[in-house]
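For reference, the structure discussed in these notes is given below.
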Number of protein chains: 2
Amino acid sequence: MAHGKRREMPTREELRIWRNYIETAETLRAILDGRLQSDSSLSSADYRVLLALSEADRRTLRSSELAELIGWQRSRLSHHLGRMEKRRLVHRAPCPDDVHGIDVRLTDLGAESFRTGSVPHLRDVHELFVEALSPEQLARVDEFTTALRRHLDLKP
Amino acid sequence: MAHGKRREMPTREELRIWRNYIETAETLRAILDGRLQSDSSLSSADYRVLLALSEADRRTLRSSELAELIGWQRSRLSHHLGRMEKRRLVHRAPCPDDVHGIDVRLTDLGAESFRTGSVPHLRDVHELFVEALSPEQLARVDEFTTALRRHLDLKP
DNA sequence: GGTACAGGGTTGACACGTCAATCCCAATCA
DNA sequence: TGATTGGGATTGACGTGTCAACCCTGTACC
């Protein structure tokens, strides 16, 4: 159907769909972030860190493992851990095994905050995302998200 | 089919789909932002402002109209315009008609930057989003995005 | 004439992310 | 012994966004 292959422009309609898509995702994220914040005083960044740590063995991870796990750059993580440590959500200590390396441990307060935030957050995901869609639509979301991911991984 | 009505939890599978969905949208946005930045030294925030102004009559908008148009809070816009003005992309001047009120005008440099950035950006949208999906899939994206938006508008 | 209020913008403090530079300690090599 | 390299993490500068407080300048009220 199309003629040339590389570097085409989207049509007006395609652009509309794109803009709706990306704007909706961002709005959704913003709403969920806001609710998480008011429910439990956690940002979604906090949440990701707490989630990873609470699933980890002994609630502890090497800083670099944590970064890898959640896909953050080390500097971002370092800044964020600094802020979280001030709020007593996590604790950092030199790692006994490895001379370099820092162990990041979930504090009791951190674990408690995560528990507090987690349930309402998951319910919100259900309410705002799952409930909006029929099972068939949900399956299609999965389908095209997968297509998108495959496409992106091939062209990094 | 479902029994209780309020505040259910997502299943493991639903959660997986949600996480893929939101993460994919964010990754896509990040890639596009990065390309826009290297192609034309513009952030996506810059782009939205420039787009609105370049479509406006006389390349000029009242500050509050601009904020409304792109859905930003006034303070965010004010900060951002300050930064853009430093870079000579826009110019602010008291509005002659309205005693309060500031006219934001696109400078020649701003218009030029926008043109420079716009074409590759649109091609990127095509390459990374449109090309990833079949026409049917694209139609379904539109469909489910609409469903989501409807759902969100009803529960703000 | 003064006081209150309201619309339109700006400002300051702070949280967040990114990039590049740096630091620290160890292992290696000369 | 001393210089080099390398992994692991931190730091600083800077751009960005949010919230709340504030600053103007007309207008309404009395």
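In what follows, chains carry the letters A, B, and so on, assigned in the order in which the sequence lines appear, proteins first and then strands, with residues in each chain numbered from 1.
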D/dG17 OP1/OP2 closer than 4.0 Å to side-chain N/O of B/Ser75: no
Nearest listed nucleotide, side chain of B/His100, among D/dT25, C/dG9, C/dC16: D/dT25
Interatomic distance, A/Asp33 CG vs C/dA15 P [rounded to whole Å]: 17 Å
Contact under 4.0 Å: B/Gln73 side-chain N or O vs D/dC19 OP1/OP2: yes
First of A/Ala45 and A/Val99 reached from the 5' end of DNA chain C, by closest nucleotide: A/Ala45
Integer-rounded Å distance: D/dT11 C1' and A/Leu77 CG: 14 Å
Polar pair under 3.5 Å, donor/acceptor by atom type, side chain A/Arg74, base D/dA9: yes
Distance (rounded to the nearest 0.5 Å) between B/Arg19 CZ and B/Glu14 CD: 12.5 Å
A/Ile102 CD1 - D/dT11 C1' separation (whole Å): 14 Å
A/Asp46 and A/Ser43: side chain donor to acceptor below 3.5 Å: yes
B/Trp72 CH2 to C/dG9 P, straight-line distance once rounded to whole Å: 15 Å
Distance below 4.0 Å between A/Ser63 side-chain N/O and D/dG8 OP1 or OP2: no
Separation of atom CZ in A/Arg76 from atom C1' in D/dA9, rounded to whole Å: 17 Å
A/Arg92 side-chain proximity, nearest of D/dT10, C/dG17, D/dG17: D/dT10
Ring centers of B/Phe144, B/Tyr21 separated by less than 6.0 Å: yes
Atom-pair distance (NE2 on B/His79; C1' on C/dG12), nearest Å: 8 Å
Atom-pair distance (NE2 on B/His80; P on C/dT10), nearest Å: 14 Å
Any B/Ser78 side-chain N or O less than 4.0 Å from OP1/OP2 of C/dT11: no
Closest listed nucleotide, where the reference is the side chain of B/Arg83 and the choices are C/dG8, D/dG15, D/dA9: D/dG15
A/His126 and B/Trp18 aromatic centres sub-6.0 Å: no
Geometric class of the A/Tyr47/A/Phe114 ring pair [parallel <30°, tilted 30-60°, perpendicular >60°]: tilted
Separation of atom NZ in A/Lys86 from atom P in C/dA15, rounded to whole Å: 7 Å
